[in-house]
Structure formats: structure tokens, C-alpha cells
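These notes are about the structure you will find just below.
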Amino acid sequence: MKNLSKLFKQNKQWAEKITNQQPDFFEESAKGQSPNYLWIGCSDSRVPPTQLTGLGPGDLFVHRNIANVISHSDVNSQSVIQYAVSVLKVEHVVICGHYGCGGVQAAYEDPDLGLIDNWLADIQDVYRKHKNEIGNIGSEEEKLNRFCELNVLAQVQNTCHSPFVQQAWEERQELTVHGLIYDLKTGLLNDLDIHITSPEEAEDL
Ligand SMILES: [Zn+2]
């Protein structure tokens, strides 16, 4: 679609609504940000972090990619972690996967998708590691859901091993890395009971 008039119209309404509620909101917001959370999630259009957490502009520093993958060789995600942890000093890093994730499903089914295959290779490593557990689960949907959860766990581990997270912990900075999963069918976040606050806890994962 060439025409973005709908987006401009709605943007104007949105800005007016916020200004009516809080006349200096954008002026204050333009001065700087101090979010308390780094959100690492999937690019999926159905998982909008600010909306589903009821937060607003300035509350979340966000990194999204296909299937919420954190790789040590990915300069993009490592730069986001560095800025959020070392400069903004967020207290929480949230890795949020979601059930029904197309990226995880593609890694599971392993079709030839071209460039994206390289991206999915990291998730396929997660599958190989947990092949027995996933294989013993009943339906295909349940298998994929568990694979989505295990992918969150793996990405929490990768995040905890990021040099910037390790450095923050060494310097006794308050920092917790959380693993959550969002359910597209209910709109609810599920706690995977992963809340890592130190290198020792990360090793025990
Ligand atoms: Zn996804």
C-alpha cells in the first residue's frame, strides 16, 4: 500500500490524546530516556511489547528480531544489550518468546528459506540439544510450544553470557534477566520462572 494516510491520521490523534492528558509529555520525553527494562522479543506483529505490558513511551528499551535470538556474533543485539545495561543501566532484561512462533516453527520444520536459514541455525542448535524431550511430547502443537519455551531458556542463557551482562554483575550492578512467554491465544504473559541475578545462577540454568 502506497498510501500511509491512516497511519498519519492515527499518529496525530495519539499525540493529541497524550498532550491533552499531560501537556509537557513530549517536551519532557525529548530531554532523555531512563527506561527500567530492556525487552528482547520476536518481530511478530502480534506481540507488541509496550501495548501488552500497558507501558508507555520511555518505559521499554526494545530489541526485536525473528524468534528473539541473542547471538554472540550478532553486533546488533550485543550493541543493544551494551547500551541498555552499561549506559541506561536498566534493572531488568526481559526475554519474551511466544507460542506459535513462526521462526521457531521454521527451525523445527527446516524448509529451505534462503537467507533466514542462517538466522534459524541458532534455534536449530536448541532443538538438537532438547530433541529427546521435545520428541516425547504428544501433539505437534505441544511440541512446538515446548520448543518455544526452550528457545527462551537458551536465549536467556546467551544473554547472561553476554560480556556486558557479566561485567554489570561483576560491578555489583542490580540486574535481573527474566524469561517469559506470551500466549497469542489469550493475550497473557506466562512466567517461565527464570529470573537470573548473578553469574552463579546463570551457570545453574
Ligand atoms: Zn515469533
Side-chain angles (χ1 to χ4, degrees), residues 1 7 35 37-55 59-81 83-84 90 92-131 133-135 137-162 165 176-196 205:
M1 208 167 88
L7 274 60
Y37 311 91
L38 165 60
W39 177 281
I40 295 167
C42 182
S43 298
D44 193 300
S45 61
R46 299 165 295 177
V47 194
T50 309
Q51 280 155 291
L52 73 88
T53 51
L55 295 172
D59 292 331
L60 289 181
F61 199 68
V62 174
H63 179 75
R64 292 170 77 179
N65 61 40
I66 291 173
N68 38 270
V69 172
I70 295 299
S71 159
H72 295 286
S73 57
D74 175 26
V75 179
N76 185 351
S77 61
Q78 291 299 326
S79 303
V80 170
I81 292 173
Y83 190 70
V90 298
H92 303 277
V93 179
V94 175
I95 318 294
C96 182
H98 68 100
Y99 295 128
C101 181
V104 172
Q105 187 172 358
Y108 178 68
E109 291 169 353
D110 198 17
D112 187 5
L113 297 170
L115 178 68
I116 197 179
D117 290 341
N118 298 314
W119 187 254
L120 299 178
D122 278 344
I123 315 173
Q124 279 163 342
D125 288 342
V126 177
Y127 179 70
R128 273 189 282 276
K129 207 169 147 192
H130 299 279
K131 205 174 175 178
E133 183 193 335
I134 295 170
I137 298 172
S139 72
E140 282 298 295
E141 189 184 359
E142 285 166 336
K143 279 186 210 294
L144 274 171
N145 284 348
R146 183 61 185 146
F147 189 8
C148 289
E149 292 176 353
L150 291 166
N151 182 46
V152 171
L153 175 70
Q155 306 314 328
V156 167
Q157 283 170 325
N158 290 344
T159 303
C160 289
H161 289 130
S162 159
V165 171
T176 307
V177 182
H178 308 264
L180 310 179
I181 194 148
Y182 177 76
D183 191 338
L184 294 171
K185 290 181 176 173
T186 62
L188 295 176
L189 283 175
N190 296 316
D191 189 354
L192 292 174
D193 277 325
I194 306 169
H195 308 280
I196 310 300
L205 256 184

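Start at 1 and go down the list; that is how both ligands and their atoms are numbered. Worth knowing before you read on, the calculation uses all heavy atoms, side chains too, and leaves out hydrogens, waters and symmetry mates.
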- Message: If I compare all heavy atoms of T159 with all of I95, which pair ends up nearest, and what's the gap?
- Response: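 Minimum heavy-atom separation between T159 and I95: OG1-CD1, 3.3 Å.
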- Task: Kindly determine whether D44 and C101 satisfy side chain to side chain contact (heavy atoms under 4.5 Å, CB included), including the steps that lead there.
- Result: CA-CA 8 Å; D44 193 300; C101 181; over 6 Å; no
- Anything under 30° is parallel, anything over 60° is perpendicular, the rest tilted; go ahead and classify Y127 against Y108.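 The arrangement is perpendicular - the two ring planes meet at more than 60°.
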- Task: Enumerate the protein N/O/S atoms at a distance below 2.8 Å from the Zn ion (ligand 1), ignoring waters.
- Result: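 Less than 2.8 Å away from the Zn ion (ligand 1) sit C42 SG, H98 NE2, C101 SG.
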Going by the rule side-chain contact (heavy atoms from CB on, under 4.5 Å), which residues pair with [X] if we only count those two or more places apart in sequence or in a different chain?
X	value
S45	none
L153	L150, I194, L205
N76	H63, D74, V80

